[in-house]
Amino acid sequence: MITYFKWNELIKTNTGLPNTPDNINIIENLVDLARELDWLRKYFGSPIIVNSGYRSKEVNEKVGGVKTSHHTMGLAADITAKDFDLLKQRVLENIARYDQVIIYPNRHFIHISIGPLKRNMVIYNET
């Protein structure tokens, strides 16, 4: 059961472009992503905001995402919270759950990918 996250949070976009997945694999990935975000929310103990979840190829292109972005597969979300430093700490404490974590400290959000490789990769992006 997913408690904290709604479908519209995972597919929202400010681009004005359509952004609803029609591929069953992407939809299943988004359900897995929502479960992971729900787990993180429970562990974190405070609300988490999804800045960007699924991106159609058109949305991804418009926002400047890389062509191989896990966002286009429903496997990634950019998240933030009121207590960004604690969120970052909680994510890093559980790095084994993720394929990739990119921390954007200056922009106060964290990209998490639940891709199948589980590389446990952490990148700090100062831009």
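Fair warning: this is a prediction, and the values are worked out from it, not measured in the lab.
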Open item on the list: Under a 4.0 Å threshold between the charged nitrogen and the carboxylate oxygen, would D85 count as salt-bridged to R90?
Closed with: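 Salt bridge between R90 and D85, a charged N being under 4.0 Å from a carboxylate O: no.
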
Open item on the list: Closer than 4.0 angstrom, basic N to acidic O: yes or no for D99 and R119?
Closed with: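 Yes, this pair counts.
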
N/O donor-acceptor pair under 3.5 Å between [X] side chain and [Y] backbone:
X: T80; Y: H108; answer: yes
X: N19; Y: I11; answer: yes
X: K12; Y: V50; answer: yes

Task: Contact summary for L10 and A34, nearest pair of heavy atoms - done: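 For L10 versus A34, the nearest heavy atoms are CD1-CB, 3.7 Å.
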
Counting neighbours of [atom1] on [X] that are heavy atoms of other residues, nucleotides or ligands and sit closer than 6.0 Å, is the number greater than 12?
X: N120; atom1: CG; answer: yes
X: K67; atom1: NZ; answer: no
X: D22; atom1: CG; answer: no

Task: side chain to side chain contact (heavy atoms under 4.5 Å, CB included) assessment of Y54 paired with T20 - done: CA-CA 8 Å; Y54 169 73; T20 302; over 6 Å; no

With a 4.5 Å cut-off on side-chain heavy atoms, are [Y] and [X] touching?
X: I110; Y: D78; result: no
X: T72; Y: I26; result: no
X: L86; Y: Q89; result: yes
X: V122; Y: L92; result: yes
X: P18; Y: E58; result: no
X: R41; Y: F5; result: yes
X: H70; Y: Q100; result: no
X: I49; Y: I79; result: no

To the nearest 0.5 Å, what is the distance between [atom1] on [X] and [atom2] on [Y]?
X: I2; Y: D38; atom1: CD1; atom2: CG; value: 6.0 Å
X: E9; Y: N51; atom1: CD; atom2: CG; value: 11.0 Å
X: K62; Y: R55; atom1: NZ; atom2: CZ; value: 13.5 Å
X: H71; Y: S52; atom1: NE2; atom2: OG; value: 4.5 Å
X: D32; Y: L75; atom1: CG; atom2: CG; value: 8.0 Å
X: L40; Y: L87; atom1: CG; atom2: CG; value: 6.0 Å

Within one Ile-Leu-Val-Met-Phe-Trp-Tyr cluster: [X] and [Y], side-chain cutoff 4.5 Å:
X: V101; Y: Y124; result: yes
X: I103; Y: Y43; result: yes
X: W7; Y: V59; result: no
X: M73; Y: M121; result: no
X: I102; Y: I95; result: no

- [ ] Please work out whether the ring planes of F109 and Y104 are parallel, tilted or perpendicular, with thresholds of 30° and 60°.
- [x] parallel

Open item on the list: Evaluate V91 against F44 for side chain to side chain contact (heavy atoms under 4.5 Å, CB included), listing each step before the verdict.
Closed with: CA-CA 9 Å; V91 168; F44 177 56; over 6 Å; no

Open item on the list: Under the criterion side chain to side chain contact (heavy atoms under 4.5 Å, CB included), I'd like the reasoning laid out for L37 against Y4: C-alpha separation, chi angles, the key distance, then a yes or no.
Closed with: CA-CA 8 Å; L37 290 172; Y4 297 105; over 6 Å; no

